[in-house]
Amino acid sequence: MTEELPDLSELQHVRLEKSAALRAQGLNPYPLRSHRDGMTTDVAALVEAAEAGDAAAAEKVLTLAGRVVSVRDMGKTAFAHLRDGEGQVQLYVRRDELGEQAFEDFLRLVDLGDIIEATGTSFRTRTGEPSLRVSGYGMLAKALNAPPEKWHGLQDVEQRYRQRYVDLIANAEVRDVFRMRARIVSAIRQYLDGLGYIEVETPVLQPLYGGAAARPFTTHHNALDQIFYLRIADELYLKRLIVGGFERVYEISKDFRNEGIDRNHSPEFTMLEFYEAFADYNIVADRTRELVQSAAAAAFGGLTFTSNGREIDLSGVWPKITLADAIFEASGIDYVKYPDAADLIAVARKAGADIETGTVWPRVVDELLKQFVRPNLIEPTFLINYPVQLSPLAKRIPDDPTHVERFQLYIGGSELANSFTELNDPIDQWRRFREQQADREAGDADAMPLDEDFVNALMYGMPPTGGVGIGIDRLTMLFADQATIRDVVLFPAMRRIDRSSRQDDDDSTTDDAEGALE
RNA sequence: GACCCCGUAGCUCAAUGGCAGAGCACCGGACUUUUAAUCCGUUGGUUCUCGGUUCGAGUCCGAGCGGGGUCACCA
């Protein structure tokens, strides 16, 4: 034990002295165990039972444990609120019931934010609030930091993200968002498990990345002396499992993309992907709708909700409209008639689009979608059938080999899901990878590298398969009505603060240090 | 990466270029059914950092750090 102390503020010193006062009384401010045998929510139930004539309920002695979130000192009596994982309840503390010393210490040594346990019986105060009449209490964890201001909570956005624990203590609505997120994920697992899907885990560290158009993070393995990429998608590994004979697989996991950060993009984000053998994108569309509907039921208990001030109804079957029709209806442009990028840009500008000269053809189509169609897709809508250039892993439509069987689901103006009838012709797949290679060599950093092993897998035969990726963060944003992805990610990526520890990203130094420990 | 905005007490926020303040929290006192308890009295500051202009800078100027927003990239 050392006498050394971290730098503490005056307020922290005050609390530390209270901690010392407890020790001076032979009490441990951080005991190993609590004696909790009830939850805050039990109190209201006991009060109601007692009022219905249950004498045992009125006398039932409970020990609750949790955080002190308010204290009102009335002189010879005091009120406090105790919060635990279920809710919060009022404590009623009387000097004549607790004894002089214990009562004084409650007011003198217990601060807002401390974790305590309190024992007593349940009753209703004059103002009608179910409360615990405290006969004894104990410190479980002395808090040295004071909680944020009780009325305004924690407002500073930076501190809310960097120190989410404070945000969660201070802001009930933040706790609600992440509880909702957990219910959404749980409902998704239930839905897929119920259909006989198995949940699998595929590599995060990949020698070759693929499955999406994005730039990866790069890392290095010491023993192998080899570069690994953090995965940008699960797709190619999950389809290998379909080849292997698992007919229904899904994975809920973090993907990592080395792109800009904004309200819709986080460098690490959670993706659900599922693949079903002997299915196509129509079956997957049905599954996606049912999955989103069951997630909604778990999230807010219904199929209608408000997002960004707009009422959205998820019930019924959702309309499907081809990308070409949607763009034509919104802009009057039939992009199929303009196979040359320059021509398409010209008509797009005439229609009012803002597109840079030199944009490649598939990106122009994408811009038409973004600028004319997407803002109006509030009610759930499947946009189907995309140009083949935008979709190197999807199967062509027999009647129209320039397009593939692919859908994107839009709700509230946001893209929530991306799906295709999976390409299973190994030679066609190999050629599409080659085209991506050409794009890479032409300078498109997002084009996919050629995955020989994936082509080899397809050569063993992959059944006709439908698959989809669904962004869990965006689904949560939609259902929880949150405007930025950081508000549905517990610990969003932030820039490092400590400038003195910054060392020009010298990986070898840290690698050696870690290796020496092993 | 570019542009715009922001950074003041533990928290929430004020302060024409002229003594750095309030509410909550904290500390002391009064009060045996309060609930944003109330009442009385205190305490608390590297105004993000460094430099400049000025008799005088929280305020104006420059650079940096961090955050937010818009755009670009992307899902």
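Order of the sequence lines sets the chain letters (A, B, ...), proteins ahead of strands, with each chain counted from 1.
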Contact letters for nucleotides 37-42 of chain B, in which S counts primed atoms plus P, OP1 and OP2 and B counts the base, heavy atoms under 4.0 Å: B-----
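- Using a 4.0 Å heavy-atom criterion, one finds that A:S414 contacts no nucleic acid atom at all.
- A:E149 comes within 4.0 angstrom of a base, heavy atoms only.
- At the heavy-atom level, A:A170 lies nowhere under 4.0 Å from the strands shown.
- Using a 4.0 Å heavy-atom criterion, one finds that A:D262 contacts the bases of the nucleic acid, with or without backbone contacts as well.
- Nucleic acid contact class of A:R363 (heavy atoms, under 4.0 Å, all strands): sugar-phosphate only.
- Comparing A:V14 and A:L154 along RNA chain B, the residue whose closest nucleotide (by nearest heavy atom) sits nearer the 5' end is A:L154.
- Within the nucleic acid shown, A:Q90 comes within 4.0 Å of at least one base atom, counting heavy atoms only.
- At a threshold of 4.0 angstrom between heavy atoms, the contacts of A:R95 with the nucleic acid are absent.
- Contacts of A:G469 with the nucleic acid, taken as non-hydrogen atoms under 4.0 Å apart, are absent.
- Counting non-hydrogen atoms under 4.0 angstrom, A:G260 reaches a base of the nucleic acid.
- With sequence neighbours left out, A:F305 forms a ring pair (Phe, Tyr, Trp, His ring centres under 6.0 Å) with A:F300, A:F479.
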Polar pairs (N or O, both sides) under 3.5 Å between protein and nucleotides 1-7 of chain B?
none

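- Residue-level contact check: A:M494 touches the backbone only, with heavy atoms under 4.0 Å from sugar-phosphate atoms and none from bases.
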